[in-house]
Protein chains: 2
Amino acid sequence: MTDRTTSSIAPIVVPKASDILASQLRQMIVQGRLGAGTFLPTERSLVLESGLSRTSVRDALRILESEGLISTKVGRSGGSMVTLPGRDSVARSVELFVRTHGIRLESLLECRVAVEPTLARLAARNRTEAALAEITALHARFVASVDDVKSYKAINLDWHLAVARASGNEPLIALMEAIAMPISDAMDYQHVTTAELRAIAVKAHTVILQAIAARDEDAAFNRMERHVAGYRDIATPRNGVKPVRQV
Amino acid sequence: MTDRTTSSIAPIVVPKASDILASQLRQMIVQGRLGAGTFLPTERSLVLESGLSRTSVRDALRILESEGLISTKVGRSGGSMVTLPGRDSVARSVELFVRTHGIRLESLLECRVAVEPTLARLAARNRTEAALAEITALHARFVASVDDVKSYKAINLDWHLAVARASGNEPLIALMEAIAMPISDAMDYQHVTTAELRAIAVKAHTVILQAIAARDEDAAFNRMERHVAGYRDIATPRNGVKPVRQV
DNA sequence: GTTTAATCAATGGTCCGATAAAATGCAATG
DNA sequence: CATTGCATTTTATCGGACCATTGATTAAAC
């Protein structure tokens, strides 16, 4: 081994052409210079402007599309329209994370316990009449479905999401929507509700709804906390906590 | 207008070839049939197996790459390796959501208040010695940096993230990492810390660290809650809450 | 004149072939 | 034995062509 001077050159990463173009377009969208609803230039125009090949331009558009920043249509007045990424975009990302890492149901329920009481508090504070009406309507259907396990589960999920949406806190709503589906999936394999448990849930929802309607923030928080914490304790006993993995 | 029978055919969506291939590969990865570290076939092999063109195959790979499911390298022993999406993937998605929607700092701080107390509780419960050592080390640097605003802010962020990581709850860690950067960015424009506030923060961190070290879950929860709630109240007075938008 | 059909134009989707660039392995060379 | 140069494999990029879909325009039919 001959002794050589080391030149202290950091590793150089060569970005791909499509990544550069995608970054530029993304920045324009994020900064608001390309508002939602506006159209990007056509692929062939972008080829002329950027000097890249159509392949690279299209790669860039695919990146933005999978980030939820544009949506592309074919045909004559088609093209790539700017569409801001919705909560579903975040949900997809979280779902991939949860599934590929085999996140345990216990962790997801812990997550709910952390988030839902605050959502209930904010719902009590910020709810509109329309939002309250939606929650109330879902609650009525919830009560009616107490004997049909399948629709009971679906409506239960919808009710919790409606409460979340009433909070007005977009990041927390997004998180709630993101973990709701994996939780629901995992419960199908692990947990079988009993009529008794469903009756308890109906009672809990009732008092939470009352608190939100009365704009009683502390009551909404505390009752929701007891509700979801109870759910967690029932669903994840100390033994055999299953990972969430698609089958 | 002639009267015609309507055939009640639902709108038919024609999926793109690349989407189909991407879905199949994604499913194999999510199901674990393609574990992390394994290599997908080469592009040309996928062309032969799928019967699609190289363009479509590459489009599919670009989709998976931007989802964080594979990472592609060029060169002889190159190809597309399966790489499970990390928390950074979730963070990018959330960041795009926050920036494009102009989510208000108030909402992000509310999010922190909802999440961090639970993270502190879980950290007190699940911390390892290594994690505790890391938090302690960061705390020491935090105390030392109390006069250098720039490094103070950076270390403050790191400390909170270290506590989050010590909790062991991956979804909540991901959320915390996702909102930390937008919060930090927004604070730069809005909030100027004073020496007095920094001293208070140091004190708060000290007691939280003690609670985590002593595995006192309730104390960790309550002290963290007071800390981040105080932060929220100082940073977002009732007037002039700025949206978070990149400049 | 109104409605219907046929045609044209614009755009993204797909395919093919070729070359460039990068990473690895191997042999030649001093 | 270390270094260099060459061959090989793989993705990255390019250019061009054609197809499919959509919307607009024109022509035909009634």
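Order of the sequence lines sets the chain letters (A, B, ...), proteins ahead of strands, with each chain counted from 1.
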Contact residues, residues 37-53 of chain A to DNA chain D [heavy atom, < 4.0 Å]: A:R44, A:L52, A:S53
Any A:R58 side-chain N or O less than 4.0 Å from OP1/OP2 of D:dT13: no
D:dC14 OP1/OP2 closer than 4.0 Å to side-chain N/O of A:S56: yes
Could you tell me the separation between the [atom1] atom of [X] and the [atom2] atom of [N], rounded to a whole number of Å?
| X | N | atom1 | atom2 | result |
| --- | --- | --- | --- | --- |
| B:K73 | C:dA21 | NZ | C1' | 15 Å |
| A:M81 | C:dT11 | CE | P | 16 Å |
| A:I12 | C:dA23 | CD1 | P | 11 Å |
| B:L61 | D:dA12 | CG | C1' | 13 Å |

Neighbour count above 12 (heavy atom, 6.0 Å) for B:K73 NZ: no
Whether over 12 other heavy atoms sit under 6.0 Å from B:M181 CE: no
Non-hydrogen side-chain atoms of A:L96 and B:V30 separated by less than 4.5 Å: yes
Heavy-atom side-chain contact between A:P182 and A:L108 under 4.5 Å: yes
Short side-chain donor-acceptor distance under 3.5 Å, A:S80 and A:T72: yes
B:S66 versus A:S66, side-chain donor and acceptor atoms under 3.5 Å: yes
Parallel, tilted or perpendicular: ring planes of A:F142 versus A:Y152, cut at 30 and 60 degrees: parallel
Closest-nucleotide 5' rank along DNA chain D - winner of A:R54 and B:V14: A:R54
Between [options], spot the one nearest the side chain of [X], thanks.
| X | options | result |
| --- | --- | --- |
| A:S18 | C:dA23, C:dT14, D:dT13 | D:dT13 |
| B:K16 | D:dG23, C:dG13, C:dC16 | C:dG13 |
| B:R76 | C:dG12, D:dG23, C:dA23 | C:dA23 |

Residue met sooner reading DNA chain C from 5', once B:D59 and A:S77 are mapped to nucleotides: A:S77
Residue mapping more 5' on DNA chain C - nearest nucleotide basis, A:T72 or B:T55: A:T72
